[in-house]
J.: 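I'd like to ask some things about the structure below.
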Amino acid sequence: AQTVTQSQPEMSVQEAETVTLSCTYDTSESDYYLFWYKQPPSRQMILVIRQEAYKQQNATENRFSVNFQKAAKSFSLKISDSQLGDAAMYFCAYRKGGGGSQGNLIFGKGTKLSVKP
Amino acid sequence: DAGVIQSPRHEVTEMGQEVTLRCKPISGHDYLFWYRQTMMRGLELLIYFNNNVPIDDSGMPEDRFSAKMPNASFSTLKIQPSEPRDSAVYFCASSLRRVGNYGYTFGSGTRLTVV
């Protein structure tokens, strides 16, 4: 079964600095997708960034970028120029490609990010 | 687009009572998912529907839980009878397709407290 591990329960960053959140996953599949979701105190789950496993180029969305290391099964999130609004829980998620029930989103336990002014 | 709409936002009920959570997916989305979030277990998939048909309910914890999707714009998750260990945040999410890099769009969740 696929698993997603986030080894950092909590992280802290100074405003305007850069922080990297770690995520590793375990799968025997070659076709899959990876996601980072943000959950602020409002509880809303917000999609931050996504990555297709078949793409070597790392995804980037404004201040958010990923470091996708397929061989190492690692998918870290880098937040540049951190802002107070970035404070939230961040969840890494995996989804197998193709159809079937294995294509559901599997989440890590999350990393709580605090941003210090 | 109003997004995925869940109601109520908060629910407090007594043990043994029936609880019904509601969800309106994004118009045009053909997949609907119910997730439960707890501190201990994180986010768990309970059940999902495709074109209003339940496809996989293996995550439903017990027979006390049931879910329906009578039409493309409405789904319910019912717990009867409720127990304190059911206290959690329940999320509904919808997706246009299950394959590809489409992420899910989540509702704001319902925080259920069973006392």
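As a basis for the values below, the full set of heavy atoms in this structure was taken, side chains included, without hydrogen atoms, waters or symmetry mates. A, B, ... follow the sequence lines: proteins, then strands. Residue 1 opens every chain. Small disclaimer: the values here were computed from a predicted structure and weren't measured.
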J.: Does the ring pair (Phe, Tyr, Trp, His ring centres under 6.0 Å) test come out yes or no for Tyr35(B) and Phe91(B), once each step is laid out?
T.: CA-CA 5 Å; Tyr35(B) 277 83; Phe91(B) 284 101; 8.3 Å; no

J.: At a heavy-atom separation under 4.5 Å, does Thr38(B) approach chain A through its side chain, its backbone, both, or neither?
T.: neither

J.: Taking every heavy-atom pair that is under 4.5 Å apart, which of Met45(A), Gln44(A), Arg43(A) has the most such pairs with chain B?
T.: Arg43(A)

J.: Could you look at Arg111(B) and say if it's the side chain, the backbone, both or neither that has a heavy atom under 4.5 Å from chain A?
T.: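 When you check distances to chain A, atoms from both the backbone and side chain of Arg111(B) fall under 4.5 Å.
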
J.: Need one label for Glu44(B): side chain, backbone, both or neither, based on atoms under 4.5 Å from any heavy atom in chain A.
T.: neither

J.: Any idea how Tyr90(A) and Phe64(A) line up, ring-wise: parallel (<30°), tilted (30 to 60°), or perpendicular (>60°)?
T.: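 Answer is tilted, since the angle falls between 30° and 60°.
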
J.: Please answer: with hydrophobic residues joined when any side-chain heavy atoms are less than 4.5 Å apart, are Val4(A) and Met11(A) in the same cluster?
T.: yes

J.: Which atoms of Tyr32(A) come close to chain B, meaning under 4.5 Å heavy atom to heavy atom: side chain ones, backbone ones, both, or neither?
T.: neither

J.: Can you tell me which residue among Val19(A), Thr20(A), Leu113(A), Ile49(A) is in a side chain to side chain contact (heavy atoms under 4.5 Å, CB included) with Leu77(A)?
T.: Ile49(A)

J.: Can you check side chain to side chain donor-acceptor pair (under 3.5 Å) on Gln17(B) and Gln80(B), steps first, answer last?
T.: CA-CA 7 Å; Gln17(B) 296 298 306; Gln80(B) 165 64 21; over 6 Å; no

